[in-house]
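Basis for what follows: all heavy atoms, side chains included, without hydrogens, waters or symmetry-related copies. All values reported here derive from a predicted model rather than from experimental measurement. For this chain, numbers begin at 1 and follow the sequence in order.
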Amino acid sequence: MNIVVLCGGISTEREISISSGTMVCKGLREYGHNAVLMDVYFGLDSLDVFEKAEKSYDVDAESAVIRSYSEKLEEEKKVRKRFFGKNVLELCQEADIVFMALHGKYGEDGLCQAAFDLNGIKYTGSGYLASAIGMDKGATKQMFLAYGVPTANSVWIKKGEDTNLSIYEMEYPVVVKACNGGSSVGVYIVNNEEEYNEAVKMCFELDDEILVEDYIKGREFSIGVLAGKALPVVEIIPKKGWYDYKNKYEAGAVDEICPAKLSDELTEKMQRVAEQACKSLGCEPYSRADILMDDDENMFCLEVNTLPGMTPTSLIPREAKAIGIDFPMLCNMLVELSLEKYQ
């Protein structure tokens, strides 16, 4: 198949997206597909890229070109009105399917998916509505509560509303999150009023809505869900601090135990929670749920990632490998499962 692997963009997760896209493009080409890498914001000059890529294609070289665009991103944003780069829609329409390796704003929030729906473009991952809900931590919480997914007590605050914790009957420590951040960007664990006020200020600089959540001390787990069925549970153990942006993407910063050292009963319970969490948002055909478990074995779903990372340190590839699915096979499975939505 001719496949566009779409990456880059203008979010705070641009570099992670490029890393995901590079890995996926290599995996799809190794599996036998004619996959090409493209930056959604900068696009490509040539329309005959598929024809050329059938003969020879250097994924790393194209990835380096896309990374070089990052240096001029801010200047480009000042003069550009259109999000999609040169020939992006045209090449995506020509492809058999687009592999969405985008993360963050304008890639994971449903806007790109909606545009593709309107233009008759097939793509991997969830549709625009599930993507939009999954990107908004406040909206996600409401869906969890409606579907009975266990989650931490929280309050959803919009800019201009009172942020005083006492009126919400919450006590420190709490977690303050920008509602539309990703990869733990705009997430702060705070222990007192001074830290809280600073975290609120920082989060409102990123977004107009924030989520303030009870801090749950416990073990952290992540579970990929593929075609409605949970993959093996992985436990995430940071060597320093918590599972923040640095620890997520720095090789060797965390220990990832897969399958997690849990009883069969707890494993099954956690997998069912992950499946229900992803189902509550309408995610298909793949997604990932993050869950905390306290010392009393109570489980709290933190969020659902509708376009999980596919970088060298990402979790879904690790979970798939545990049941004998290598990376190229996984990439192909995500393509095949996504195509089933259109049949």
Side-chain angles (χ1 to χ4, degrees), residues 1-29 31 33 35-44 59 62-63 66 83-85 88-135 180 182-183 224-227 278 281-288 304-311 314-317 320 327-328 330-342:
M1 283 187 280
N2 288 336
I3 302 175
V4 167
V5 179
L6 208 56
C7 69
I10 62 175
S11 81
T12 55
E13 297 175 77
R14 173 179 170 82
E15 295 305 314
I16 306 307
S17 170
I18 297 170
S19 183
S20 281
T22 302
M23 289 287 292
V24 168
C25 195
K26 288 180 178 179
L28 289 171
R29 291 191 69 84
Y31 201 85
H33 294 295
V36 298
L37 193 64
M38 182 164 64
D39 189 317
V40 66
Y41 192 65
F42 290 94
L44 289 169
V59 179
E62 188 60 38
S63 177
I66 292 173
F83 173 70
F84 291 112
V88 168
L89 290 177
E90 292 82 357
L91 285 167
C92 288
Q93 286 175 323
E94 184 182 334
D96 294 300
I97 192 168
V98 175
F99 195 108
M100 301 290 274
L102 296 168
H103 302 312
K105 191 174 182 180
Y106 300 139
E108 210 167 353
D109 57 7
L111 291 177
C112 194
Q113 288 83 350
F116 282 180
D117 287 341
L118 291 172
N119 283 277
I121 295 169
K122 298 175 182 178
Y123 54 89
T124 60
S126 296
Y128 74 91
L129 185 57
S131 299
I133 296 172
M135 190 67 184
N180 286 285
S183 287
V225 176
L226 190 60
C278 295
L281 305 191
C283 298
E284 58 176 347
Y286 70 104
S287 48
R288 195 193 77 226
V304 168
N305 191 321
T306 58
L307 280 180
M310 298 287 281
T311 73
S314 293
L315 299 174
I316 278 195
F327 191 79
L330 174 62
C331 293
N332 182 68
M333 285 181 66
L334 300 183
V335 166
E336 295 288 351
L337 288 169
S338 296
L339 282 172
E340 289 180 6
K341 296 189 303 178
Y342 300 98

- Could you walk me through whether I3 and R29 pass the side-chain contact (heavy atoms from CB on, under 4.5 Å) test, one step at a time? CA-CA 9 Å; I3 302 175; R29 291 191 69 84; over 6 Å; no
- Rounded to the nearest 0.5 Å, how far apart are CG of L307 and CG of N305? 7.0 Å
- Does a side-chain heavy-atom distance below 4.5 Å link V24 with L37? no
- Query: Listed by chain and number, what are the side chain to side chain contact (heavy atoms under 4.5 Å, CB included) partners of M38, not counting sequence neighbours?
  - Reply: V4, L6, L44, V88, L91, C92
- Is any side-chain heavy atom of M1 less than 4.5 Å from a side-chain heavy atom of L339? yes
- side-chain contact (heavy atoms from CB on, under 4.5 Å) between M310 and C331, worked out: CA-CA 9 Å; M310 298 287 281; C331 293; 4.0 Å; yes
- Item | Contacts of type side chain to side chain contact (heavy atoms under 4.5 Å, CB included), residue S17, not counting sequence neighbours | C7, L102, H103
- Who passes side-chain hydrogen bond (donor to acceptor under 3.5 Å, both in side chains) against K26, sequence neighbours left out? D60
- Message: Checking S131 now: which residues fulfil side chain to side chain contact (heavy atoms under 4.5 Å, CB included) with it, not counting sequence neighbours?
- Response: Q113, S126, T306
- Taken to the nearest 0.5 Å, the spacing of M135 CE from E108 CD works out to 5.5 Å
- Message: Run the side chain to side chain contact (heavy atoms under 4.5 Å, CB included) test against S11 and tell me which residues pass, sequence neighbours left out.
- Response: E13, K105
- Determine whether E340 and E284 make a side-chain contact, defined as any pair of heavy atoms from C-beta on separated by less than 4.5 Å. no
- Message: With heavy-atom distances below 4.5 Å as the criterion, would you say the side chains of L337 and Y286 are in contact?
- Response: no
- Message: When you measure from the side chain of K122 to the backbone of A95, do you find a donor-acceptor pair of N or O atoms at a distance under 3.5 Å?
- Response: no
- Run the numbers on T311 and E15 for side-chain contact (heavy atoms from CB on, under 4.5 Å), then give the verdict. CA-CA 10 Å; T311 73; E15 295 305 314; over 6 Å; no
- Task: Give the minimum heavy-atom separation between T22 and V59, together with the two atoms involved.
- Result: O-CG1, 3.7 Å
- Task: List for me each residue that meets side-chain hydrogen bond (donor to acceptor under 3.5 Å, both in side chains) alongside D117, sequence neighbours excluded, and say none if there are none.
- Result: Y123
- Query: With a 4.5 Å heavy-atom cut-off, do F99 and V335 have their side chains touching?
  - Reply: yes
- Using modelled atom types only, decide if a donor and an acceptor are shared between the side chain of E62 and the backbone of V36 within a distance under 3.5 Å. no
